[in-house]
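Working notes, beginning with the structure itself.
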2 protein chains.
Amino acid sequence: MNLLHWRLLVAVADASNITRAAEDVGMTQSGASQAIAQLEASLGFPVFTRERRHIGVTALGEQVIEQARKMLAQLNAIRALADESRGLSGGRIRLASFPSVTSTLLPGLLRDFKRLHPGIEVVVLEGTDEEVEEWLAADTVELGVVMNPAPGRTNVVLGQDAWVAVMPSGQQQERNSKARGITLEELAGQPFILATGGCVVNGKSLIEQAGLQLCDVRVKVRDWVSACMLVREGLGVTLVPESALPAELRGLCVMPVAPPIHREFGLVCSPSGKTSGATQALLKGLHKG
Amino acid sequence: MNLLHWRLLVAVADASNITRAAEDVGMTQSGASQAIAQLEASLGFPVFTRERRHIGVTALGEQVIEQARKMLAQLNAIRALADESRGLSGGRIRLASFPSVTSTLLPGLLRDFKRLHPGIEVVVLEGTDEEVEEWLAADTVELGVVMNPAPGRTNVVLGQDAWVAVMPSGQQQERNSKARGITLEELAGQPFILATGGCVVNGKSLIEQAGLQLCDVRVKVRDWVSACMLVREGLGVTLVPESALPAELRGLCVMPVAPPIHREFGLVCSPSGKTSGATQALLKGLHKG
DNA sequence: TTTAATTACGTGCGACGTAAGCATT
DNA sequence: AATGCTTACGTCGCACGTAATTAAA
């Protein structure tokens, strides 16, 4: 019977849907299902009605949920109190990021932070990686997600992933290089689909950084997944971050780049970020969690 | 940050003493200490002041504690709601037990139950095992702890322990039988200190049940530990439940009885107990926890 | 066929206990 | 010495995730 149970309870009531509620509180559908079952067992009566494909609330459930809401409010009051005492309350953090990170890493991050500091407002700005850098330099945001940050500049490493080559399945390269990977040189010589994800660090920049040149760029698209679709159509090969691969890989052959190339996301703070208590609180939270 | 943390927080505030608070909520001093430290870390400021040998509350701490109290009150309200819905609220359970169990097994049990069902009052009556049986038969209690209950009669097994023989250390039996144990026959022939613990199931009854007879009963005492003290003084040997042994065993030689004899505590309910929702709720709680 | 919930099963992390350490009276 | 808090360390259980299953629409 943890707090998570009650949070989940309220979330399910709000969403009328266990799956969405689970996402809201940051757990899987399965975990949520179990947690709810457990909670109901502990209470001794069902809180929710499972009927056809949506979840309702029993009469008793209503009462319980109302109380739970009040309880969580009290909890938030405590947290707010804590923040206020340190002058963090009413703080506002502007955080800049680019699409892939915004949709993958940030949600969980921000959820946890909001839970810990309900009194601090976090505004997320989305842009290209270049824009993020500009905003940081201009000090219009306190925090920014940057790629491959210069060492020492990063305050927190958010994550990393490897670049992988994508080509239509069934090519002869497939059996040759599937295991040991493919070199940039081999890639550069083929018809290429340039995917950017809205970043200046992309297939083209990587190849050029290696002193090579793409001999035949067929298309340039912003979306990673779109690029993979085009590969499947046989228009060429491409280079994408592993985490950006589409779920459905049929018709595609994905292989590591040799030697491996990684990209790393770091959170850096601007001059004004360094002096903001709220911002520092966020960074502190990341160092452990 | 679970509910236990907040319970502990309040408990510490009330007790002004981590050790006692820990007992109150059912954990060790160490665990409590860690939990408090963790909680303070999470809040970001100290709630308690550690000064000389007692614990005080900081100004912010006061605020937090007040909120926590309210929060826990909300939680209790939920539980009460749950019980009320099942007609359990306002219920009263009379539970009869005898000394050794009352002081060892019951406290934790009752604490957990009260936490789960704040609206149900549990009254504990203490007596000898015979009295407990009488009360059960007369239906003046809903539940009773009985020893070695007839199979099928027990609703829940609370625990069990083995009878052990205690004699002064340094006897020649010591080396002979320490490992393989001592038979009742060997014991019956020696000067005996009869300890009862207020129960009719005791050394004498065990020996007689085995078709033997104590040849020389020197003293009869009620308290198990006192009996062990007398053994140390060299007055004779005795037979006690393992769990009743004193902490300090210097000068004593404890050895198993061969073949082993166990005693079992079971919780049985009287006729009226079978129809009481509150009583059944308690029993249900024991089946799992 | 897709979406949603439950069930089964395995695993990792963290909470808690044991025990040692340290301080205060 | 005795009391009381903290720290170190090991382990056990549980909560959660993965994945298979069921059910409904």
Side-chain angles (χ1 to χ4, degrees), chain A residues 1-9 11-43 46-58 61 104 107-108 111-112 115-116 246-248 250 285 287-289, chain B residues 1-9 11-42 46-58 61 104 107-108 111-112 115-116 247-248 250 285 287-289:
Chain A
M1 192 70 14
N2 301 1
L3 288 167
L4 183 55
H5 282 111
W6 301 109
R7 287 218 189 84
L8 179 61
L9 183 84
V12 170
D14 287 341
S16 296
N17 174 328
I18 292 193
T19 305
R20 244 170 300 149
E23 281 166 10
D24 290 346
V25 300
M27 61 197 299
T28 59
Q29 168 204 49
S30 163
S33 177
Q34 294 176 78
I36 291 286
Q38 180 177 336
L39 194 142
E40 288 181 319
S42 156
L43 286 176
V47 175
F48 299 108
T49 61
R50 283 82 164 166
E51 48 191 15
R52 42 214 218 133
R53 30 197 322 117
H54 98 304
I55 284 217
V57 181
T58 63
T104 58
R111 180 171 22 74
D112 293 346
R115 194 166 288 164
L116 218 54
E248 179 55 69
R250 263 185 314 209
H287 276 125
K288 315 151 188 178
Chain B
M1 190 72 12
N2 14 22
L3 289 165
L4 183 54
H5 283 112
W6 302 109
R7 285 215 190 85
L8 179 61
L9 184 83
V12 170
D14 287 342
S16 295
N17 174 327
I18 293 192
T19 306
R20 243 169 300 151
E23 281 166 11
D24 291 345
V25 300
M27 60 196 303
T28 59
Q29 168 206 47
S30 161
S33 177
Q34 294 175 78
I36 291 287
Q38 182 178 334
L39 194 144
E40 288 181 320
S42 156
V47 175
F48 298 107
T49 61
R50 282 80 163 167
E51 49 191 15
R52 39 209 217 134
R53 21 196 333 115
H54 100 304
I55 283 216
V57 180
T58 65
T104 57
R111 180 173 21 75
D112 293 346
R115 191 166 290 164
L116 218 55
E248 178 56 68
R250 262 185 315 208
H287 276 124
K288 315 152 188 177

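- With rounding to whole Å, B/Q34 atom CD is found 11 Å from C/dT18 atom C1'.
- We find that CG of B/N2 is positioned 11 Å from P of D/dC16, with the value rounded to whole Å.
- For A/I55, counting side-chain heavy atoms from C-beta on, the closest listed nucleotide (D/dC16, D/dT18, C/dA5) is C/dA5.
- Across all non-hydrogen atoms, the minimal contact from A/M27 to A/L8 is SD-CD2, 4.1 Å.
- Computed from coordinates, the A/M27 CE to D/dC14 P distance equals 16 Å when rounded to whole Å.
- Between the C1' atom of C/dC22 and the CD atom of B/Q29 lies a distance of 12 Å, rounded to the nearest Å.
- For the pair B/T58 (side chain) and B/V47 (backbone), a donor-acceptor distance under 3.5 Å is present.
- A donor-acceptor pair shorter than 3.5 Å cannot be found between the side chains of A/Q29 and A/S33.
- Here D/dC5 is the nucleotide among C/dC16, D/dC5, D/dG17 with the atom lying nearest to any side-chain atom of B/T19.
- We find that CD of B/E51 is positioned 14 Å from C1' of D/dG4, with the value rounded to whole Å.
- Ranking C/dA15, D/dC5, D/dA8 by closeness to the B/Q38 side chain, first place goes to C/dA15.
- In this structure, B/N17 places its CG atom 12 Å from P of D/dT3, rounding to the nearest Å.
- Side chain of A/S30, nearest nucleotide from D/dT18, D/dC5, C/dA4: D/dT18.
- With rounding to the nearest 0.5 angstrom, the CD atom of A/Q38 is 8.0 Å from the CG atom of A/N2.
- Counting to the nearest Å, the P atom of D/dA15 and the CZ atom of A/R7 are 16 Å from each other.
- Minimum atom distance to the side chain of B/S33 is reached by D/dT6, of the listed C/dA5, C/dC16, D/dT6.
- Taking for each of B/H54 and A/H5 the nucleotide of DNA chain D with the nearest heavy atom, the 5'-most of the two is the partner of B/H54.
- Ranking D/dA8, C/dA5, D/dC5 by closeness to the B/I18 side chain, first place goes to D/dC5.
- Straight-line distance from the CD atom of A/E23 to the P atom of D/dG17: 12 Å, rounded to whole Å.
- The NE2 atom of B/H5 sits 10.0 Å away from the CG atom of A/L3 when rounded to the nearest 0.5 Å.
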